[in-house]
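To start, the structure itself, in structure tokens.
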Amino acid sequence: MAEPVERNLGLDLVRVTETAALAAARWLGRGDKEAVDQAAVDGMRLHLSTIDIDGEVVIGEGEKDEAPMLFNGERIGKGTGMIVDVAVDPVDGTTLAASGLPNAIAVIAMAEGRGSMYKPGSLVYMDKIAVGPEAADAIDLDAPVAHNLHQIAKANGKEMNEMRAIVLDRPRNQPYVDAVREAGARISLIRDGDVAGAIATAQEDHEADVLLGIGGSPEAVIAASALLCIGGEIQCRLWARDEEEAHRAADEGLDMDQVLTTKDLVSSHNVFFAATGVTNGEFLRGVNFRGEERAVTHSVIMRSKTGSIRYMDAVHDLARLRRISSLTVD
């Protein structure tokens with residue numbers, strides 16, 4: 001007797017990210033990143049409560065006293081079905097969306113098994129390097145930037161001046177910017193959105209080759225979920241902003257010297273990932289409001305167990321959505 005076909009939760013998750021993106025996109029360019037985030041959180045939380053999972057938020061909007069919904073440790077789903085750890089970023093790039101800039105996405109990842117996702121504790125930053133499948137075995141976080149760039153160029157079949165590195169535009173990352181330029185590679189500085197930046201390195205067109213620098217710890221776990229599905233690799237290390245954070249990390253039992261790999265960040269063999277574009281970006285188009293109560297979204301759904309990657313356009317009847325949900329649209 002054939003085994004029953006296991007349901008792909010990614011198809012449920014994309015409904016979650018679509019709803020979040022549709023809500024957040026209403027605030028495009030209006031200069032209010034808190035409103036962008038809140039709209040996405042409300043939309044995401046609404047649909048998560050309808051999914052047949054026993055989920056715990058590992059990467060969320062913050063601690064319970066800081067976030068009324070999607071806080072770290074919150075139980076979500078119907079409480080039945082697959083036991084999963086959940087990582088959410090209702091909008092990766094709230095400032096981008098509030099400013100009308102590219103690369104804002106609504107994103108969620110789930111991993112089967114409680115404790116399957118890394119918890120960075122109170123340390124909000126990590127030093128990172130992320131690449132696509134071809135260069136997955138070529139990187140070493142402890143090696144100089146120039147060495148990594150040469151190894152990645154060899155793996156991707158490129159000359160150094162054809163390489164493109166993505167770096168979060170922050171003063172703390174200036175040493176990375178200088179090293180990339182000195183090596184002779186091209187560079188794109190991004191204001192926010194390093195989840196999208198990490199995933200962009202694993203796209204088949206190879207427009208981006210590597211993500212480098214210090215960025216968010218939650219974003220590293222979410223990016224690792226996607227790269228497990230695609231076949232890329234991320235290496236990272238916790239990074240403390242000051243001595244107080246370093247002492248706090250020691251109190252929490254966090255190893256500041258450990259190089260964390262993709263599988264250290266997400267250890268499950270069954271990972272689901274979904275993202276929907278809020279604004280146009282590296283690998284997803286943004287929400288397009290077409291008038292007559294219709295909008296189009298562009299999303300990606302991934303699963304590590306099967307290696308499936310689906311890109312999906314959806315046309316939404318906004319009038320019907322308002323009638324069947326409690327989600328209000330500004």
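Quantities reported herein were computed from a predicted structural model and do not represent experimental measurements.
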Answer yes or no: is there a donor N or O on one side and an acceptor on the other, between the side chain of Asp209 and the main chain of Arg164, under 3.5 Å?
yes
Residues Val271 and Ala111: closest non-hydrogen pair is CG2-CB, 4.2 Å
Donor-acceptor pair, Ser268 side chain versus Glu112 backbone, under 3.5 Å?
yes
Quick check: closest heavy atoms across Glu18 and Ala314, and the distance to 0.1 Å?
OE2-CB, 3.5 Å
Distance col, row Met302:CE vs Phe272:CZ, nearest 0.5 angstrom, shows 14.0 Å
Can a donor-acceptor pair be found, under 3.5 Å and without considering hydrogens, that links the side chain of Asn173 to the backbone of Ile214?
yes
Taking everything shown except Lys158 itself, do over 12 heavy atoms lie less than 6.0 Å from its NZ?
yes
Measure from the side-chain N and O atoms of Thr201 to the backbone N and O of Gly197, and report whether any donor-acceptor pair falls under 3.5 Å.
no
Without hydrogens or angle criteria, can the side chains of Ser122 and Glu252 be said to hold a donor-acceptor pair below 3.5 Å?
yes
From Leu96 CG over to Ile190 CD1, what is the distance, rounded to the nearest 0.5 angstrom?
8.0 Å
Beyond-backbone contact of Phe273 with Ile222, side-chain heavy atoms, under 4.5 angstrom
yes
Applying side chain to side chain donor-acceptor pair (under 3.5 Å) as the test, list every pair that has at least one member in residues 177-187; sequence neighbours left out.
Gln174-Asp178
Are the side chains of Met69 and Glu61 in contact, using a 4.5 Å heavy-atom criterion?
no
Beyond-backbone contact of Val287 with Val296, side-chain heavy atoms, under 4.5 angstrom:
no
Quick check: do Glu56 and Val86 have side-chain heavy atoms less than 4.5 Å from each other?
no
When you compare the side chains of Thr261 and Gln235, does any donor N or O come within less than 3.5 Å of an acceptor on the partner?
no
Going by atom types alone, do Tyr176 and Asp127 pair a side-chain donor with an acceptor below 3.5 Å?
yes
Looking at every heavy atom in both His47 and Ile51, which two are closest together, and how far apart are they?
O-CG1, 3.7 Å
Note: Asp194 and Asp92 closest approach over all heavy atoms is N-OD2, 3.8 Å
With no hydrogens and no angle check, is any side-chain donor or acceptor of Thr94 less than 3.5 Å from a backbone partner on Val91?
no
Is a donor on one side and an acceptor on the other found under 3.5 Å between the side chain of Lys33 and the backbone of Gly93?
no
Without hydrogens or angle criteria, can the side chains of Thr17 and Thr276 be said to hold a donor-acceptor pair below 3.5 Å?
yes
Between Ser116 and Val266, is any pair of side-chain heavy atoms under 4.5 Å apart?
no
Beyond-backbone contact of Glu244 with His247, side-chain heavy atoms, under 4.5 angstrom:
no
About how many Å separate CG of Leu101 and OG1 of Thr95, when rounded to the nearest 0.5 Å?
9.5 Å
With a 4.5 Å cut-off on side-chain heavy atoms, are Phe283 and Val300 touching?
yes
Listed by chain and number, what are the salt bridge (Lys or Arg N to Asp or Glu O under 4.0 Å) partners of Arg285, not counting sequence neighbours?
Asp313
Heavy atoms of Arg15 and Thr19 approach each other most closely as O-OG1, 2.8 Å
Any chain of hydrophobic side-chain contacts (each under 4.5 Å) joining Trp239 to Val221?
no
Single-linkage hydrophobic cluster, 4.5 Å side-chain cutoff, Met163 and Val180 together:
yes
Could you tell me which residues satisfy side-chain contact (heavy atoms from CB on, under 4.5 Å) with Leu227, sequence neighbours excluded, listed by chain and number?
Ala130, Ala202, Ile234
Which heavy atom in Val278 sits nearest to a heavy atom in Ala97, and how many Å separate them?
CG1-CB, 4.3 Å
What's the separation between atom CZ in Arg303 and atom CG in Leu13, rounded to the nearest 0.5 Å?
11.0 Å
Nearest 0.5 Å, what's the CG-CD distance between Leu48 and Glu74?
8.5 Å
Any side-chain heavy atom of Arg294 sitting closer than 4.5 Å to one from Leu318?
no
Under 3.5 Å donor-acceptor, Asp54 side chain and Gly81 backbone:
no
Give a yes or no on whether Ile309 and Ile105 share a hydrophobic cluster (residues Ile, Leu, Val, Met, Phe, Trp, Tyr; joining criterion: side-chain heavy atoms under 4.5 Å apart).
yes
With a 4.5 Å cut-off on side-chain heavy-atom distances among I, L, V, M, F, W and Y, is there a chain of contacts connecting Val167 to Met126?
no
Would you give me the side-chain donor-acceptor pairs under 3.5 Å for residues 135-147, sequence neighbours excluded?
residue	atom	partner	partner atom	Å
Asp140	OD1	Asp142	N	3.0
Asp142	OD1	Arg237	NH2	2.3

Is it true that the side chains of His316 and Thr297 contain a donor and an acceptor less than 3.5 Å apart?
yes
Interatomic distance, Leu260 atom CG to Lys263 atom NZ [nearest 0.5 angstrom]:
15.0 Å
Under 3.5 Å: donor-acceptor pair, side chain of Ser217, backbone of Leu123:
yes
What residues, two or more places apart in sequence or in another chain, satisfy side-chain contact (heavy atoms from CB on, under 4.5 Å) together with Glu134?
Asn156, His206
Under a 3.5 Å distance rule, please check whether Glu162 uses its side chain to pair with a backbone N or O of Glu159 as donor and acceptor.
yes
Quick one: salt bridge (Lys or Arg N to Asp or Glu O under 4.0 Å) partners of Arg191, sequence neighbours excluded?
none
Decide whether Ile76 and Val58 are clustered together by the hydrophobic rule: side chain heavy atoms of Ile, Leu, Val, Met, Phe, Trp, Tyr closer than 4.5 Å, transitively.
no
